[in-house]
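Inspection log for the structure reproduced underneath, given as structure tokens.
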Amino acid sequence: MSYSTTEIHPNVKRVIFTEAEIKDRVAQLGRQITNDYKDSKELVLVGILKGSFVFMSDLVRSIYLPNTNVTLEFMSISSYGAATSTSGVIRIMMDLRTNIEGKDVLIIEDIVDSGLTLNHLMDLLNHRKPNSLNTAVLLRKKEGLKVDVPVKYIGFDIPMVFIIGYGLDFAENYRELPYLGELKEECYK
């Protein structure tokens, strides 16, 4: 699906991935997860708020595990503030409300830039003794990684540009866009 210039937000420099491309890739990830967890007794999807909520919503609906108890949990972690790159300072704003010990856990994240936040989160959750701990991320900036953080399911690798839409924001704006686009530099410089 392509967008006319009237449908693209005026602050978007270019569309990186269309709504149709995202939908297709999320369906592929859902099939992979379905296959990989078909023998799981209990799978906990942990969405990292706020950016992952759209991705997680579409992803969970593309997973079919009729013999598995699939539950949803959420955490809120801050490492950006109103900046365009991670500060490196990670704060837990909202923690899990259930025990994950002995359960298969899949962290759902919107984007991995430096890997610092996801690495910290994986260390934190590993101490809670899950049966398994994996990650699914919509976007990965491979060039920006500062730590080698394991990501089992990757939607798309992207260049070192600031991406908005499909749940991703800049200063709490643009989450509603149905596509992933590059934010114009004049909007944040």
Side-chain angles (χ1 to χ4, degrees), residues 1-3 15-77 92 94-113 115 117-142 148-158 163-169 174-181:
M1 175 179 214
S2 63
Y3 292 86
V15 173
I16 306 282
F17 297 105
T18 67
E19 187 174 3
E21 289 170 322
I22 297 166
K23 183 179 179 180
D24 288 347
R25 185 63 184 131
V26 170
Q28 290 171 2
L29 292 173
R31 287 190 296 273
Q32 284 181 273
I33 293 166
T34 295
N35 185 59
D36 291 350
Y37 288 93
K38 64 182 178 283
D39 297 324
S40 175
K41 291 185 179 9
E42 188 160 8
L43 176 61
V44 181
L45 302 179
V46 178
I48 307 306
L49 296 174
K50 296 179 186 173
S52 73
F53 81 99
V54 176
F55 174 46
M56 183 173 178
S57 174
D58 288 345
L59 185 63
V60 73
R61 290 179 290 154
S62 69
I63 297 170
Y64 180 68
L65 295 166
N67 299 316
T68 303
N69 184 22
V70 178
T71 57
L72 306 179
E73 273 291 331
F74 296 92
M75 292 183 78
S76 180
I77 298 171
I92 305 291
M94 182 178 87
D95 206 341
L96 298 177
R97 295 175 190 222
T98 61
N99 184 356
I100 60 169
E101 186 172 343
K103 300 173 184 176
D104 293 312
V105 175
L106 182 60
I107 299 169
I108 311 297
E109 181 66 286
D110 58 351
I111 189 167
V112 175
D113 291 307
T117 302
L118 189 55
N119 191 54
H120 177 80
L121 180 60
M122 291 187 75
D123 285 346
L124 176 74
L125 295 183
N126 261 323
H127 282 90
R128 298 179 187 185
K129 300 181 172 114
N131 180 53
S132 69
L133 180 63
N134 287 301
T135 58
V137 300
L138 177 63
L139 303 171
R140 178 178 67 174
K141 290 183 179 178
K142 208 171 183 180
D148 186 24
V149 61
V151 179
K152 186 164 186 175
Y153 308 100
I154 301 167
F156 304 99
D157 279 317
I158 59 169
I163 304 290
I164 55 170
Y166 195 70
L168 283 81
D169 75 306
Y174 313 109
R175 293 187 195 276
E176 77 284 1
L177 300 176
Y179 52 82
L180 288 159

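For the single chain, residues carry numbers from 1 onward in sequence order.
- Rounded to the nearest 0.5 Å, atoms CG (Asp58) and CE (Met56) are 11.5 Å apart.
- From Ile163, atom CD1 reaches atom CG of Leu139 across 6.5 Å, with rounding to the nearest 0.5 Å.
- No side-chain heavy atom of Thr117 sits under 4.5 Å from any side-chain heavy atom of Ile48.
- Contact annotation: the side chain of Ile63 approaches that of Leu45 to within less than 4.5 Å [non-hydrogen atoms, C-beta and beyond].
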Problem - Derivation and outcome, side-chain contact (heavy atoms from CB on, under 4.5 Å), residues Val60 and Ile108 - result: CA-CA 10 Å; Val60 73; Ile108 311 297; over 6 Å; no
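- Scanning both residues, Asp123 and His127, for their nearest heavy atoms gives O-ND1, 2.6 Å.
- Of all the heavy atoms in Thr68 and Leu43, the pair that sits closest is CG2-N, 3.8 Å.
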Exercise for the section: For the pair Glu109 and Val151, evaluate side-chain contact (heavy atoms from CB on, under 4.5 Å) and give the outcome as yes or no after the intermediate values. Expected result: CA-CA 10 Å; Glu109 181 66 286; Val151 179; over 6 Å; no
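- Distance check: Asn131 CG to Glu101 CD gives 10.5 Å after rounding to the nearest 0.5 Å.
- Judged as a side-chain hydrogen bond (donor to acceptor under 3.5 Å, both in side chains), and not counting sequence neighbours, Asp24 has no contacts.
- Within the 3.5 Å criterion, the main-chain N or O of Gly155 finds a donor-acceptor partner in the side chain of Arg25.
- Among residues two or more places apart in sequence or in another chain, the salt bridge (Lys or Arg N to Asp or Glu O under 4.0 Å) test is passed with Glu42 by Lys103.
- The backbone N or O of Gly47 lies less than 3.5 Å from no partner atom in the side chain of Ser52, so there is not a single donor-acceptor pair.
- Rounded to the nearest 0.5 Å, atoms OH (Tyr153) and CG (Leu29) are 9.0 Å apart.
- To the nearest 0.5 Å, the span separating CG on Leu65 from CD1 on Ile33 amounts to 9.0 Å.
- Annotation: side chain of Ile92 is in contact with side chain of Met75 (closest heavy-atom distance under 4.5 Å).
- The shortest side-chain heavy-atom distance between Lys41 and Asn69 does not fall under the 4.5 Å cut-off.
- Checking each of Val54, Leu138, Val26 against Leu59 for a side chain to side chain contact (heavy atoms under 4.5 Å, CB included) leaves exactly one that passes, namely Val26.
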Exercise for the section: Decide side-chain contact (heavy atoms from CB on, under 4.5 Å) for Thr135 and Val112; before the verdict, give the C-alpha distance in whole Å, the side-chain angles of both, and the deciding distance to 0.1 Å. Expected result: CA-CA 11 Å; Thr135 58; Val112 175; over 6 Å; no
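- No more than 12 heavy atoms of other residues, nucleotides or ligands shown are found within 6.0 angstrom of NZ on Lys50.
- Within 6.0 Å of CG on Asp148 lie no more than 12 heavy atoms contributed by other residues, nucleotides or ligands.
- A 4.5 Å side-chain heavy-atom check between Ile107 and Leu125 finds at least one atom pair inside the cut-off.
- Between Tyr179 and Glu19, the shortest heavy-atom distance links the atoms CB-N, 4.2 Å.
- Here the closest non-hydrogen pair linking Gly30 and Ser62 is CA-OG, 3.3 Å.
- A salt bridge links Arg128 to Asp95: at least one charged side-chain nitrogen sits closer than 4.0 Å to a carboxylate oxygen.
- Counting only distance, with no hydrogens or angles, the side chain of Thr34 and the backbone of Tyr64 share a donor-acceptor pair below 3.5 Å.
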Practice task
Take Val70 and Tyr37, measure what side-chain contact (heavy atoms from CB on, under 4.5 Å) needs, and give me the verdict at the end.
Solution key: CA-CA 10 Å; Val70 178; Tyr37 288 93; over 6 Å; no
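- The aromatic rings of Phe55 and Tyr166 lie tilted to each other, with the angle between the two planes from 30° to 60°.
- The heavy-atom pair separating Phe17 from Phe156 by the smallest distance is CE2-CD2, 3.3 Å.
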